[in-house]
Student: 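The structure follows.
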Amino acid sequence: GNSVTQMEGPVTLSEEAFLTINCTYTATGYPSLFWYVQYPGEGLQLLLKATKADDKGSNKGFEATYRKETTSFHLEKGSVQVSDSAVYFCALRVGGGSQGNLIFGKGTKLSVKP
Amino acid sequence: NAGVMQNPRHLVRRRGQEARLRCSPMKGHSHVYWYRQLPEEGLKFMVYLQKENIIDESGMPKERFSAEFPKEGPSILRIQQVVRGDSAAYFCASSPGTPDTQYFGPGTRLTVL
């Protein structure tokens, strides 16, 4: 079946540190891949996405590359800020048209210390 | 443009009672999705609706759960005769048409005593 596995948290970093959150997936067909972020007390926000192999999604200094050969979509940021503290969810969608719900990983909580 | 709205934000019910969760999609969005997040778990898809139609309910439990999205008014997720295992955060998302761009609400935290 289709599934997403992401590294368990919590992850605690100092400000300006390099961030990597690993995400691997299992899917039939060719999924689209997403990273969502959830700030405390808020809903999920789409952070970035990639729809085909070798695509790189980027936003707000975050980036992730769709790697078909390793079935991965790792999230990276070169220099994190305190304001990046949140829970990050990796997700995939298979199917086209009006079909295809999102399948999420369990989330990784990131805490950035000043 | 207001985002996706959910109410109530917190709901407490005793076992056997009914829970009604409401979701107002973003203006202009006619597609609504419901997800459930159990403690220490990721979000799990429940149901996908368009106005007056259920498109995909493959993630809905077979009993006690139902959803609707009427022509007028919010989408409603209804849980009858709640049990403690229903305690979770329920998230609603909406989209204008393409499933890729789903905008999420803040969620309703249901606690069953």
Side-chain angles (χ1 to χ4, degrees), chain A residues 1-10 21-27 29-52 55 57 59 66 73 86-109, chain B residues 2-10 21-26 29-51 53-60 67 69 88-109:
Chain A
N2 303 313
S3 66
V4 174
T5 302
Q6 59 181 106
M7 62 187 289
E8 292 190 19
I21 300 178
N22 290 338
C23 172
T24 57
Y25 67 89
T26 302
Y30 302 96
S32 296
L33 302 174
F34 307 84
W35 277 100
Y36 279 83
V37 58
Q38 185 180 28
Y39 298 102
E42 299 183 14
L44 279 72
Q45 301 175 25
L46 178 63
L47 182 59
L48 54 84
K49 68 178 184 181
T51 57
K52 61 183 188 296
D55 269 2
N59 185 24
Y66 189 140
F73 193 55
V87 180
Y88 292 81
F89 293 92
C90 184
L92 68 82
R93 183 182 72 86
V94 294
S98 62
Q99 302 300 313
N101 51 282
L102 291 166
I103 296 168
F104 286 90
K106 292 186 177 183
T108 302
K109 184 175 182 179
Chain B
V4 177
M5 301 181 69
Q6 291 187 249
N7 67 83
R9 294 290 303 276
H10 300 274
L21 289 63
R22 295 174 188 78
C23 169
S24 296
M26 288 180 69
H29 288 193
S30 60
H31 299 238
V32 166
Y33 314 80
W34 286 93
Y35 294 83
R36 176 168 64 175
Q37 184 178 30
L38 295 170
E40 307 303 318
E41 296 288 329
L43 280 74
K44 304 289 187 186
F45 168 76
M46 300 181 74
V47 62
Y48 166 32
L49 310 101
Q50 294 182 24
K51 284 285 187 180
N53 288 303
I54 296 174
I55 306 303
D56 180 358
E57 57 182 346
S58 59
M60 285 279 270
F69 188 17
Y90 292 83
F91 290 93
C92 166
S94 73
S95 71
T98 54
D100 278 5
T101 311
Q102 293 186 25
Y103 298 86
F104 281 79
T108 293
R109 270 79 177 168

Student: Take atom NZ of K52(A) as the centre, draw a 6.0 Å sphere, and report whether it contains more than 12 heavy atoms from other residues, nucleotides or ligands.
Tutor: no
Student: Indicate yes or no: at least one non-hydrogen side-chain atom of L44(A) is less than 4.5 angstrom from one of Y35(B).
Tutor: no
Student: Looking at L43(B), V47(B), D56(B), which one forms a side chain to side chain contact (heavy atoms under 4.5 Å, CB included) with N101(A)?
Tutor: D56(B)
Student: Are there over 12 heavy-atom neighbours, none belonging to E42(A), within less than 6.0 Å of that residue's CD?
Tutor: yes
Student: Suppose we screen for side chain to side chain contact (heavy atoms under 4.5 Å, CB included). Which residues come up paired with A89(B), at least two apart in sequence or across chains?
Tutor: Q37(B), F91(B), R109(B)
Student: Taking atom CG of L46(A) and atom CZ of F104(B), what is their separation to the nearest 0.5 Å?
Tutor: 9.5 Å
Student: Tell me, please, which residues at least two apart from R9(B) pass side chain to side chain contact (heavy atoms under 4.5 Å, CB included).
Tutor: P106(B)
Student: Would you mind checking which part of Q45(A) comes under 4.5 Å of any heavy atom in chain B, side chain (CB onward), backbone (N, CA, C, O), both or neither?
Tutor: neither
